[in-house]
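Numbered from 1 within each chain, the chains take letters A, B, ... in sequence-line order.
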There are 2 protein chains.
Amino acid sequence: MEDEVDRLLEAWRRERPDLDVSPMEVLSRVSRLARHLDRARSQAFETHGLESWEFDVLAALRRAGSPYQLSPGKLLKETLVTSGTMTNRVDRLTARGLVERLPDPADRRGVLVQLTDAGRDAVDAAMADLLAHERALLGSISARDQTRIAQILRELVRPFDLEKH
Amino acid sequence: MEDEVDRLLEAWRRERPDLDVSPMEVLSRVSRLARHLDRARSQAFETHGLESWEFDVLAALRRAGSPYQLSPGKLLKETLVTSGTMTNRVDRLTARGLVERLPDPADRRGVLVQLTDAGRDAVDAAMADLLAHERALLGSISARDQTRIAQILRELVRPFDLEKH
DNA sequence: ACTATTTATCTTGATGTCGAGATATATTAG
DNA sequence: CTAATATATCTCGACATCAAGATAAATAGT
C-alpha cells in the first residue's frame with residue numbers, strides 16, 4: 001500500500017537517480033508521523049482545556065512525584081526549551097492557576113514551580129486520554145512488532161542522547 | 001541499554017501504576033527522534049547557508065522536475081504550512097535570489113514560484129549532505145530492520161493520510 | 001448574461017519560541 | 001576575605017508560524 005513518502009521518494013528518484021534516498025524510507029516517515037502525533041495530541045488535550053506546551057510542563061511536574069515541585073532549570077531540561085520560554089510558560093500557567101511559584105528555601109536565586117490541585121487533576125485526566133488515543137493508534141500493530149520498533153528506535157536515538165553528556 | 005524514554009516511563013509507572021503507558025515505548029521515541037532529526041537537519045543545512053524551512057520549499061520545487069515551478073497552493077500542500085506562511089517564505093526566498101515569482105499564464109489569480117539556478121544548486125548540495133548524514137545515522141540498523149521499521153511506520157501513518165481525503 | 005460560489009493568493013494581528021543579555025546569588029581560587 | 005567565575009532566573013527584541021479575513025479572478029447555476 002502506497003503512502004505519501006513513497007510518492008516523495010519516487011519523485012526524488014526520478015529527478016536525482018544518482019542519489020540513494022533510501023534513508024528517507026525510515027526517517028521521513030518518522031518525521032511525518034511525529035507531526036501527525038503532535039496534531040493528535042493537541043486535539044486530545046483540547047478536550048481538557050490544555051495546550052500541548054501546558055501539558056509538557058505539568059506532566060514533568062507530575063512525573064516528579066509528590067510534592068510535585070521542580071526548579072525552572074530542571075523543567076527546561078525535561079522539556080527541551082530555553083529559559084526564556086520556560087519563564088513565559090510558568091507565567092501563563094500561574095495565571096491559569098495550574099502551578100505556583102515558591103521561593104527555593106535552599107537557594108535565594110532559585111524558584112520552585114509546584115503543581116496546584118487543579119493542575120494535577122488536569123494533567124491526570126489529559127494523560128489518561130492521551131494514552132487511550134495512542135493505544136488505539138497502535139491497535140493495528142502486533143505486540144511483537146511494537147517491541148521490535150521500540151528497540152530499533154531506541155538504537156536510533158542513542159547517539160543523540162550520548163552527545164548531550 | 002537504557003534511554004531517556006525508559007526513565008520517563010519508569011517515572012510514570014511509579015506515579016501512576018494504574019495507567020498502561022506502554023504506547024509511549026513506541027510513540028514517545030518517535031517524537032523524540034523526530035526532534036533530534038530536526039536539529040541534525042538544521043545543522044546539515046547550515047553548511048550550505050540554508051534554513052530548514054528554506055530547504056523544504058526548495059526541495060518541493062526540485063522534486064517537481066524541470067522547469068521547477070509550482071504554485072503557492074501546491075507548495076503549501078507539499079510542505080503542510082498555511083498560505084500566510086508560504087507567502088512569507090516565498091518573499092524571503094525571492095529576496096535571497098533562490099526562487100522567483102512568475103505570473104501564471106493560465107490563471108490571472110495565480111502565481112508560479114520557480115527555482116533559480118542558485119536555488120537549484122543550493123538544494124542539490126544540501127540534499128546530498130542530508131542523505132549522507134541520514135545514512136550514517138542508520139548505519140547501525142540492518143537493512144532487514146530498516147525495511148521492517150519502514151513498513152510499520154507506513155501502517156502507523158496511514159490513518160492520518162486517510163483522514164485528509 | 002448575471003449572480004453566487006469557489007479558488008488562489010496576500011495581509012494583518014496574535015502567539016510561542018529563541019537567543020542574547022541583565023541581574024542577583026552562590027561558589028571557587030588565591 | 002576578596003575577586004573572579006559560575007549558576008539560576010528573568011527581560012526583551014526578533015522571528016516564523018497560524019488563523020481569520022481581504023481581494024481578485026475563475027467557475028457554476030439559473
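Nearer to the 5' terminus of DNA chain D, by closest-nucleotide assignment, is the contact made by A:Gly110 (compared with the other of A:Gly84 and A:Gly110). Nearest-nucleotide assignment on DNA chain C puts the 5′-proximal partner with A:Val81, out of A:Ala106 and A:Val81.
No donor-acceptor contact under 3.5 Å links the side chain of A:Thr85 to the base of C:dC18.
Closest to the A:Pro72 side chain, of the nucleotides D:dA26, D:dC18, D:dT9, is D:dT9. Closest to the B:Arg109 side chain, of the nucleotides C:dT25, D:dC10, D:dA24, is D:dA24. For A:Asp107, the listed nucleotide lying nearest its side chain is D:dA8; candidates were D:dA8, D:dT11, C:dC10. Taking every side-chain heavy atom of A:Thr82 into account, C:dC18 is the closest of D:dT9, D:dA16, C:dC18. If you check C:dT17, D:dC10, D:dT17 against the side chain of B:Trp53, the one that comes closest is D:dT17. Listed candidates were D:dT9, D:dA20, C:dA26. Nearest to the side chain of B:Ser83 is D:dA20. Distances from the side chain of B:Arg101 to the nucleotides D:dC10, C:dT25, C:dC10 place C:dC10 closest.
If you measure from atom CG of B:Leu93 to atom P of D:dA16, you get 11 Å, rounded to the nearest angstrom. One interatomic measurement links the two molecules: CZ of A:Arg89 to C1' of D:dT11, which rounds to 18 Å at whole-angstrom precision. Residue A:Glu51 contributes atom CD, which lies 12 Å from atom C1' of D:dC18 at whole-angstrom precision. A straight line from CE of A:Met86 to C1' of D:dC12 spans 18 Å, rounded to a whole angstrom. Residue A:Leu76 contributes atom CG, which lies 10 Å from atom P of D:dC10 at whole-angstrom precision. Atom CG in A:Leu75 sits roughly 17 Å away from atom C1' in D:dT7 (whole-Å rounding). Rounded to an integer number of Å, the gap from CG of A:Asp104 to C1' of D:dC10 is 16 Å. The separation between A:Lys74 atom NZ and D:dT9 atom C1' is 15 Å, rounded to whole Å.
Contact record, A:Leu102 with A:Gln114: CD1-OE1, 3.1 Å, taken as the closest heavy-atom pair.
Side-chain contact between A:Arg63 and B:Leu8 is present, with at least one heavy-atom pair separated by less than 4.5 Å.
For A:Arg62 and B:Trp12, the positive end is not near the middle of the six-membered ring at less than 6.0 Å and at most 45° from its axis.
Of the candidates B:Arg29, B:Arg32, B:Arg13, B:Asp6 forms a salt bridge (charged side-chain N to carboxylate O under 4.0 Å, His left out) with just one, namely B:Arg29.
Contact between the side-chain N/O atoms of A:Arg92 and the OP1/OP2 oxygens of C:dT17 is found at a separation under 4.0 Å. A sub-4.0 Å separation between OP1 or OP2 of D:dA26 and a side-chain N or O of B:Arg108 is present.
Among the heavy atoms of the strands lying under 4.0 Å from A:Gly73 are primed sugar atoms or P, OP1, OP2 only; no base atom is included.
Note that the CG atom of A:Asp145 and the CD1 atom of B:Ile152 stand 4.0 Å from one another [nearest 0.5 Å].
By the 6.0 Å contact criterion, CG on A:Asp18 is enclosed, its count of non-hydrogen atoms from other residues, nucleotides or ligands being greater than 12.
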